[in-house]
Amino acid sequence: MMQSKKKKIAFIAIIAFVLVACWAYIEYNRAPADASTLAADERVSANVLLSDYEQDEKAANDKYLGKTIIVRGRISSIEKNADTLVTILLGEEDSFNHVSCQLASTAYRELNKYNTNDSVSIKGICIGYLLNVELNRCVFEK
């Protein structure tokens, strides 16, 4: 009788381990959400977004942090860092702070359509404020 109970416990433990291992494998290999498929929580100009963060970072974090936002502004520069990282800075060219938009790899094919000083709308996920307001997984919004 005791032997049968130990076998049942061992069987349940093995099944639980396999299920947890499968879940961990799927989560580890899950790709981040593509911003193009996410609904925008906010629409804002680059100047307003920068102003919000400069005036009250905590309130701006409450409003934007971790949310998908569409930012409209003028491209002050396009930075190609290595082969796999492209960042577009939005805002005034002579300004110290910008909105930094790290492009998702799916947006690279559209990059040749844009130049410095073009007005664009970019959708991305706000990850906070360092020297710039940082957005990642960005795509061009049409």
Side-chain angles (χ1 to χ4, degrees), residues 2 4-142:
M2 192 65 125
S4 171
K5 205 176 214 183
K6 286 182 182 180
K7 284 183 181 179
K8 285 182 184 177
I9 292 172
F11 180 74
I12 290 171
I14 290 170
I15 296 296
F17 175 78
V18 169
L19 290 174
V20 168
C22 288
W23 173 81
Y25 177 80
I26 290 168
E27 285 299 306
Y28 180 77
N29 290 300
R30 181 171 47 112
D34 184 356
S36 64
T37 63
L38 300 175
D41 297 307
E42 296 284 338
R43 291 178 177 269
V44 64
S45 74
N47 292 336
V48 168
L49 182 62
L50 282 167
S51 176
D52 286 351
Y53 268 99
E54 289 169 353
Q55 290 176 8
D56 187 350
E57 186 174 351
K58 183 182 178 334
N61 276 336
D62 291 342
K63 186 173 183 179
Y64 302 113
L65 189 64
K67 296 185 178 158
T68 303
I69 60 175
I70 296 175
V71 180
R72 178 131 184 99
R74 188 170 305 281
I75 298 175
S76 63
S77 73
I78 300 172
E79 300 174 354
K80 296 179 181 176
N81 308 323
D83 292 337
T84 59
L85 184 63
V86 177
T87 303
I88 293 180
L89 297 180
L90 300 179
E92 301 302 319
E93 196 170 332
D94 58 348
S95 176
F96 183 71
N97 297 339
H98 296 89
V99 177
S100 175
C101 305
Q102 184 179 344
L103 289 185
S105 59
T106 57
Y108 291 176
R109 64 183 172 270
E110 296 179 57
L111 187 59
N112 61 359
K113 297 178 186 176
Y114 301 100
N115 296 303
T116 303
N117 291 323
D118 287 351
S119 288
V120 295
S121 289
I122 295 179
K123 180 167 49 170
I125 299 166
C126 182
I127 59 171
Y129 180 67
L130 300 170
L131 292 175
N132 299 315
V133 177
E134 303 287 336
L135 302 180
N136 69 3
R137 298 187 288 185
C138 296
V139 294
F140 294 101
E141 186 70 8
K142 290 159 178 68

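What you see is a predicted model, and the numbers here were worked out from it, not measured in a lab. Position 1 is the first residue of the sequence; numbering continues from there.
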With Ser51, which residues qualify under side chain to side chain donor-acceptor pair (under 3.5 Å), at least two apart?
Gln55
To the nearest 0.5 Å, tell me how far Ile70 CD1 sits from Arg43 CZ.
3.5 Å
Between Cys126 and Val133, which heavy-atom pair has the shortest distance, and what is it?
SG-CG1, 4.3 Å
Residues that Glu134 engages under side chain to side chain donor-acceptor pair (under 3.5 Å), provided they are two or more places apart:
Ser100
Atom NZ of residue position Lys80 - does it have more than 12 heavy atoms of other residues, nucleotides or ligands inside 6.0 Å?
no
Minimal heavy-atom distance between Tyr53 and Gly128, with the atoms involved, is OH-CA, 4.3 Å
Report the C-alpha separation of Val99 and Leu50 in whole Å, then their side-chain angles, then the decisive distance to 0.1 Å, and conclude whether the side chain to side chain contact (heavy atoms under 4.5 Å, CB included) test is met.
CA-CA 7 Å; Val99 177; Leu50 282 167; 4.0 Å; yes
Distance from Leu65 atom CG to Lys58 atom NZ, nearest 0.5 Å?
11.0 Å
How far apart are the closest heavy atoms of Ala107 and Cys138, and which atoms are they?
CB-O, 3.7 Å
Regarding Tyr64 and Asp41, is there a side-chain donor-to-acceptor distance under 3.5 Å anywhere?
no
Testing the basics here: between Lys67 and Asp62, what is the closest heavy-atom pair and its distance to 0.1 Å?
NZ-O, 3.4 Å
Which pairs, with at least one residue in residues 44-57 and sequence neighbours excluded, count as a salt bridge (Lys or Arg N to Asp or Glu O under 4.0 Å)?
none
Exercise: identify the closest heavy-atom pair between Ile88 and Ile78:
CG1-CG1, 4.3 Å
Separation between OG1 of Thr87 and CG of Asn132, rounded to the nearest 0.5 Å:
9.5 Å
Criterion side chain to side chain contact (heavy atoms under 4.5 Å, CB included) on Phe140 and Leu111, from CA distance to verdict:
CA-CA 9 Å; Phe140 294 101; Leu111 187 59; 4.2 Å; yes
CD1-CD distance between Ile127 and Gln102, expressed to the nearest 0.5 angstrom
7.0 Å
When every non-hydrogen atom of Val120 is compared with those of Tyr114, the smallest separation belongs to CG1-CD2, 3.2 Å
Find the distance between OG1 (Thr68) and NZ (Lys123) and round it off to the nearest 0.5 Å.
7.0 Å
The single option from Leu89, Thr116, Asn117, Leu90 passing side chain to side chain contact (heavy atoms under 4.5 Å, CB included) against Ser76
Leu89
Gap between atom CD1 of Ile69 and atom CD1 of Ile122 - 0.5 Å precision:
11.0 Å
Side chains of Phe96 and Leu131: does their closest heavy-atom pair fall under 4.5 Å?
yes
Do Asn47 and Glu92 have side-chain heavy atoms sitting under 4.5 Å apart?
yes
Any donor-acceptor N or O pair under 3.5 Å, side chains Arg72, Ser45
no
